[in-house]
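Single-structure report; data block below.
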2 protein chains.
Amino acid sequence: MATSNIKEVAQRAGVSIGTVSNVLNHPDMVAPSTRQRVLEAIAELGYVRNDSARQLRAGRSRTIAVVALDLANPFFTDVLRGAETAGEDGGVNIMIFNSGEDAARERRHLDVLEEQRVLGVLITPVSDAVDTRLEQLIERGIPVVLVDRGSGQHNRCSVAVDDVLGGRLAGEHLAQQGHQRIAFVGGPFSLPQVTDRHTGLVAALTGKQQLQVLPTSNLTVAAGRRAGERIADLSPDARPTGVFCANDLLALGVLQEMTMRGVRVPQDVAIVGYDDIDFAAAAAVPLSSVRQPREQLGRAAAQLLLEEANDPHRHQHRHVVFRPELVVRESSSRTTRRAARAPRSAAADARDTAAHDPA
Amino acid sequence: MATSNIKEVAQRAGVSIGTVSNVLNHPDMVAPSTRQRVLEAIAELGYVRNDSARQLRAGRSRTIAVVALDLANPFFTDVLRGAETAGEDGGVNIMIFNSGEDAARERRHLDVLEEQRVLGVLITPVSDAVDTRLEQLIERGIPVVLVDRGSGQHNRCSVAVDDVLGGRLAGEHLAQQGHQRIAFVGGPFSLPQVTDRHTGLVAALTGKQQLQVLPTSNLTVAAGRRAGERIADLSPDARPTGVFCANDLLALGVLQEMTMRGVRVPQDVAIVGYDDIDFAAAAAVPLSSVRQPREQLGRAAAQLLLEEANDPHRHQHRHVVFRPELVVRESSSRTTRRAARAPRSAAADARDTAAHDPA
DNA sequence: AACGGCTGTTGACACGTTTCATTTGCCGCG
DNA sequence: CGCGGCAAATGAAACGTGTCAACAGCCGTT
């Protein structure tokens with residue numbers, strides 16, 4: 001019950017406190033016989049290091065924090081997986097925090113992280129408004145890496161995907177399929193991801209097409225369904241025939257609502273999503289989507305963070321930008337024939353890796 | 001850069017260290033004018049408490065840890081949401097760890113948590129093998145609550161859903177629909193959730209039906225697709241007409257593979273999943289599924305943990321068991337007519353709440 | 001035998017808090 | 001004027017580590 005400390009261990013092993021500490025942190029500095037005795041004492045007492053004391057002494061912790069925008073979105077859990085592997089390789093622990101698109105909660109998390117003196121923070125911010133908060137972290141010497149968010153900032157790294165390009169890919173695809181009335185579903189527009197994807201879409205249109213924007217309050221399936229209702233309620237000759245959604249959750253919601261109301265996908269309405277989460281391919285009308293290298297995003301971000309944490313002075317801030325890739329599936333194919341399975345190509349993998357190298 | 005400490009604040013405000021501490025922790029003990037001066041000094045210096053020192057002194061941290069089995073499974077992110085709200089209400093921070101069905105990683109996380117002297121741990125263990133590890137945590141005085149896992153243990157609380165009942169609901173449903181050849185898709189069988197659901201299914205069958213088991217190595221969409229291939233490859237008169245999957249990810253994988261290979265759902269094969277994650281309803285053939293009160297599961301677990309942490313001696317360990325509920329949608333309806341949307345009923349909510357009260 | 005060098009070990013201090021017994025200053029009351 | 005009592009502030013002692021200068025013991029060299 002009462003946790004034993006290093007002093008008890010020392011006593012039991014008949015050595016000094018410093019020696020026990022050395023056994024734990026610099027095992028080669030201590031004679032094998034002594035080391036053995038100390039290790040036995042540790043085992044007998046069930047001694048476990050007290051991380052608070054250790055951190056207090058060291059001045060900083062050995063864990064990095066990931067603040068995710070929305071854990072319920074599989075996109076972020078995939079990014080997380082990448083960060084986790086990189087973290088393991090770098091020998092640091094990873095703790096996860098979920099802001100859930102809630103600015104207040106995000107702020108609370110950052111406060112805690114600052115008090116904890118974490119080694120660094122990987123964050124996809126709720127909005128640009130937290131910027132001053134992040135500046136504060138950086139001033140205090142806590143490295144910050146922006147994830148899935150580009151940045152011109154010179155005092156931090158960022159890892160992002162070219163969302164404008166992604167939007168353009170989607171737009172060009174829809175235009176090429178001959179759609180005249182096109183809709184963009186997404187929001188809130190305070191998220192750069194949303195505005196960028198919208199911008200790309202607009203840039204891809206030739207002017208012959210009509211564009212309609214259906215703003216949503218967030219990026220969830222439920223919001224997608226609500227947008228889907230509005231689309232389905234339009235008369236067939238006013239209804240957009242091509243819909244680009246700011247992420248796959250929205251797209252799945254729209255898709256579901258179409259099916260439920262008898263609007264055929266892709267014959268009546270073509271749908272293109274964004275992120276290419278696993279559920280996109282698993283939808284019974286497999287969803288076309290703009291694929292992002294999710295795991296790599298996380299891995300690259302964690303690597304940059306570790307690099308900065310390990311050598312703050314030599315470190316040069318970098319802004320890595322990956323290229324997205326359009327994956328066309330049945331939901332936006334004019335031909336109704338079943339699309340073949342589209343496994344991730346080796347070529348695509350190679351391309352992502354290349355993009356990661358500093359430009 | 002150099003982080004300021006309480007001493008600098010004291011100096012700047014012209015008071016003693018103890019007074020600054022009192023301003024932070026017992027503001028009413030200090031005269032308004034002094035308090036004001038101290039707060040100003042804090043603001044000017046950008047002082048932030050050092051949590052390590054605080055914890056060292058206090059002996060324990062103010063955060064609880066959630067170790068999730070697989071964050072990529074929306075089931076767990078929903079559970080998490082419940083835990084987060086309960087944590088906020090209780091005034092503790094929540095950090096999330098992901099074991100990803102990997103025992104070694106789970107173990108590493110537990111080691112760290114023990115060193116951190118967290119307030120408590122919410123965990124869905126990878127297997128029963130970690131039990132000794134958890135015992136150790138408990139001995140050390142760190143409360144542990146099992147999530148989504150029943151337990152006869154008398155030294156910890158648990159919050160679970162009656163998985164045997166859930167399996168039976170699914171089985172009865174399939175039997176009632178007249179299916180003669182039924183398959184169970186799920187694994188690994190080291191997970192109690194899997195064996196329990198299987199057990200329930202078996203119990204529901206009358207003996208007239210044939211049961212085939214398709215074991216999987218994990219509970220992912222990919223594993224479901226592989227199982228789906230095997231099912232689709234069977235000749236129509238050997239193929240099961242009713243499939244019960246141990247979770248929705250598997251079910252979605254099976255569903256996708258059926259659709260892709262021209263096996264009609266539900267006409268040729270009926271599918272029932274488990275968890276009723278949002279994506280289940282969003283599938284274009286909406287998925288029948290056994291619903292668990294996910295958020296409540298998390299909330300109840302966190303509440304039990306807080307109760308124990310706040311008053312370890314008076315606390316009585318409890319084992320809360322929720323009742324699952326079958327939600328029938330199109331994927332298992334003999335009639336092909338579109339199923340109506342099935343929003344969560346108020347009655348169901350009430351029932352869950354009732355179940356939460358100690359029996 | 002004196003000395004330098006090497007390995008292993010020690011002991012004391014510092015890290016930044018919180019706590020608590022003690023002190024200070026003040027006011028009103030006898 | 002002295003005293004008790006109260007509010008406010010103080011200072012020192014922990015909490016459990018890691019570090020580092022100092023030290024002991026030993027061996028080989030001169």
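Chain identifiers are assigned alphabetically (A, B, ...) following the order of the sequence lines, protein sequences preceding nucleic acid strands; residue numbering begins at 1 within each chain. These numbers come from the heavy atoms of this one structure, side chains and all, not from hydrogens, waters or symmetry mates.
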Which sits closer to the 5' end of DNA chain D, Arg117(B) or Gly14(B), going by the nucleotide each is nearest to?
Gly14(B)
Please report the distance, rounded to the nearest Å, between CD in Glu8(B) and P in dC15(C).
11 Å
Contacts of Ser16(B) meeting side chain to side chain donor-acceptor pair (under 3.5 Å) (sequence neighbours excluded), chain-then-number -> Thr19(B)
Listing request: all ring-ring contact (aromatic ring centres under 6.0 Å, His included) pairs with a residue in residues 73-126 of chain B, at least two apart in sequence or in separate chains.
Phe97(B)-His109(B)
Could you tell me how far apart Ile6(B) (CD1) and dA14(C) (C1') are, to the nearest whole angstrom?
16 Å
Contacts of Asp148(A) that satisfy salt bridge (charged side-chain N to carboxylate O under 4.0 Å, His left out) - sequence neighbours left out
none
Does Glu40(B) have any salt bridge (charged side-chain N to carboxylate O under 4.0 Å, His left out) partners at least two apart in sequence or in another chain, and if so, which?
none
Please output the side-chain donor-acceptor pairs of residues 43-51 of chain A that fall under 3.5 Å, not counting sequence neighbours, one pair per line with the distance.
unit_1, atom_1, unit_2, atom_2, d
Glu44(A), OE1, Arg12(A), NE, 2.7
Glu44(A), OE1, Arg12(A), NH2, 2.8
Arg49(A), NH1, Asn25(A), OD1, 3.2
Asn50(A), OD1, Ser52(A), N, 2.8
Asn50(A), OD1, Ser52(A), OG, 3.4
Asn50(A), OD1, Ala53(A), N, 3.3
Asp51(A), OD2, Gln55(A), NE2, 2.8

Show your reasoning for whether ring-ring contact (aromatic ring centres under 6.0 Å, His included) applies to His317(B) and His315(B).
CA-CA 6 Å; His317(B) 294 296; His315(B) 176 80; 5.0 Å; yes
Who passes salt bridge (charged side-chain N to carboxylate O under 4.0 Å, His left out) against Asp89(A), sequence neighbours left out?
none
Under a 4.0 Å heavy-atom cut-off, which of residues 19-46 of chain A touch DNA chain C?
Thr19(A), Val30(A), Ala31(A), Thr34(A)
Across all chains, not counting sequence neighbours, the side chain to side chain contact (heavy atoms under 4.5 Å, CB included) partners of His26(B) are Asn22(B), Met29(B)
Can you pull out the residues from residues 56-65 of chain A that lie within a 4.0 Å heavy-atom distance of DNA chain C?
Leu56(A), Arg57(A)
Could you pull out all residues at least two apart from Glu114(A) that satisfy salt bridge (charged side-chain N to carboxylate O under 4.0 Å, His left out)?
Arg133(A), Arg140(A)
Nucleotide range of DNA chain D lying under 4.0 Å from chain B heavy atoms
dA8(D) to dG16(D)
Rounded to the nearest angstrom, tell me the gap between atom CZ in Arg54(B) and atom C1' in dT19(C).
13 Å
Taking only residues two or more places apart in sequence, or in another chain, which ones meet Asn98(A) in a side chain to side chain contact (heavy atoms under 4.5 Å, CB included)?
Leu71(A), Arg105(A), Glu84(B), Ile96(B)
